[in-house]
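Worksheet: one structure, shown below.
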Amino acid sequence: MLVLDGKIASAAVKASLLQQTQALQAAGKRTPHLAAILVGNNGASETYVASKVKNCDETGFGSSLIRFNDDITEADLLAKIQELNDDKTVDGILVQLPLPKHIDDEKIIEAIHPDKDVDGFHPTNIGRMVQGYDTFIPATPYGVLLMLEYFKIETKGKHVVVIGRSNIVGRPMSILLSGDRPQGNAHVTLCHRFTPKEETIKMAQQADILVVAVGIPNFVTADMIKPGAVIIDVGITRVEDATAKKGFRIKGDVHYEEAITKASAITPVPGGVGLMTIAGLLMNTMKAYEGKFYHN
Ligand code: GUN
C-alpha cells in the first residue's frame, strides 16, 4: 500500500519553483506576486490563506494578504479587485471563499481579470479548461493532477469515479480526468448528492481511481472500495475533538483505517491533497507571471 504523501509531492513542485525564482532573482528580476483577499475571520479560511502566504515565502514568491471585515460592501471589494487588476506588480489574485452572504460570489469571481485568476474560477478560464485549452486549472483539481503525475499513476482507460460535483473540485476534476491530457483519458463517472446512495456505492466499487470530495467525514467505507483501487481523498472537515490541541481534528471523506485494507494507494488527510492545492496555486501564479496564458 502506497501512501500518496502530499508533503513529498508538493516539496518536489516547490523545489522546482524555488529554482525558477532564484534564477529570476539572480538576473535582477521581479519574482511572481500573489495577492490574497480574506474577508471576515472564518477559522478555516484564515488557516488556508496563512498557509498560501507562507508557501509563497518558501518558494521566493512575493505575496500580499489583504484583509477586510465581513461588513465590507460588495462595491468596495470590487474596487479593490480592480486596483489589483491594474497593478502590474501583481500577477495572481485570489479571493478566499466562502464570502459573507451579502456579497455575490459570482460578481467577485468575474471581476478578477482572467489573466490573474490563479484560482481558475473565472468563467473564461473554466470555459477554456472544458475545451482542453491551455489555462489556469482550479488549484485543488490541479493539485490532484500533480499528485497523480508525481506518483506515476496511470489514468488512461481507467474507470475514475468522482463523488461530488462542486465547481471548486468535483466538476472540474471530472472534466480534466476525462480530457485528452497526460493525466486524463479516463472513463469518468460523476456521482453527487442526487445519485441514489446504492448507485454511488455500486459505482465506487467499480472504480480503479476513486476521488471523493463531498465534505462528509468517513463517507467512503471499506465495502465501497475495489481491491487495489487508488483513493484520492479531498475532504477536509474540522471535527470537534476535546483531546486535540486546537479542539478539533481534520477529517477526510474516506475512512482511512478501513480503506488501507483494500486500496493500493491513498492520500492521507491531513498531508495529502490539501498540500497539493497550494502547489497548484503556486504553479498557476508562476504561469500568470510568465504570461504564458493565451500564448501556447
Ligand atoms: N475555498 C475553498 N477552496 C478554495 C480555493 O481553492 N480557492 C479559494 N479562493 N477559496 C477556497
Side-chain angles (χ1 to χ4, degrees), residues 6 10 13 33-56 61 63-68 70 72 74 77-78 80-81 84-85 90-101 103-114 116-123 125-126 129 135-147 162 164-173 175-176 211-216 232-238 250-253 267 269-270 272-285 287-288:
S10 69
V13 173
H33 190 105
L34 174 71
I37 298 180
L38 176 59
V39 180
N41 43 19
N42 173 299
S45 291
E46 296 253 7
T47 309
Y48 300 149
V49 172
S51 180
K52 289 170 184 179
V53 167
K54 176 167 165 274
N55 277 272
C56 279
F61 287 33
S63 64
S64 329
L65 172 54
I66 300 148
R67 302 194 61 135
F68 293 110
D70 57 11
I72 186 177
E74 191 177 87
L77 187 53
L78 288 168
K80 186 67 198 179
I81 291 170
L84 296 169
N85 281 340
V90 170
D91 302 289
I93 304 169
L94 80 80
V95 179
Q96 188 65 28
L97 303 175
L99 288 167
K101 291 211 163 34
I103 296 177
D104 182 350
D105 290 13
E106 205 176 308
K107 263 196 205 159
I108 299 303
I109 288 168
E110 291 201 31
I112 297 171
H113 193 288
K116 296 193 176 190
D117 167 41
V118 287
D119 258 329
F121 293 164
H122 192 286
N125 291 327
I126 297 285
M129 179 199 72
T135 189
F136 299 113
I137 297 171
T140 299
Y142 192 9
V144 172
L145 298 181
L146 291 167
M147 176 83 101
V162 177
R165 61 167 181 186
S166 70
N167 285 341
I168 294 181
V169 186
R171 186 164 309 282
M173 195 77 261
I175 293 165
L176 290 159
V211 182
V212 197
V214 291
I216 304 170
I232 308 290
D233 187 350
V234 188
I236 32 167
T237 306
R238 290 183 170 198
I250 302 292
K251 284 292 205 185
D253 290 346
T267 60
V269 177
V273 173
L275 298 173
M276 299 312 294
T277 293
I278 294 183
L281 174 70
L282 295 170
M283 289 286 285
N284 278 339
T285 306
K287 184 182 187 69

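Just so it is clear, the model here is predicted, and its values are computed rather than measured. Atoms within a ligand are numbered from 1 in the order they appear, just like the ligands themselves.
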Near Arg165 CZ, under 6.0 Å, is it more than 12 heavy atoms from other residues, nucleotides or ligands? yes
Heavy atoms, side chains only, cut-off 4.5 Å: are Lys116 and His122 in contact? no
Non-hydrogen atoms of Ala213 and Val169 that approach each other most closely: CB-CG1, 3.6 Å
Pairing donors with acceptors under 3.5 angstrom, does anything connect the side chains of Thr267 and Asp233? no
Nearest heavy-atom contact between Ala288 and Asp91 is CB-O, 3.5 Å
Picking from Ile108, Val95, Ile112, what satisfies side-chain contact (heavy atoms from CB on, under 4.5 Å) with Ile37? Val95
Which protein residues come within less than 4.0 angstrom of ligand 1, counting heavy atoms only? Lys52, Leu94, Val95, Gln96, Leu97, Asp119, Phe121
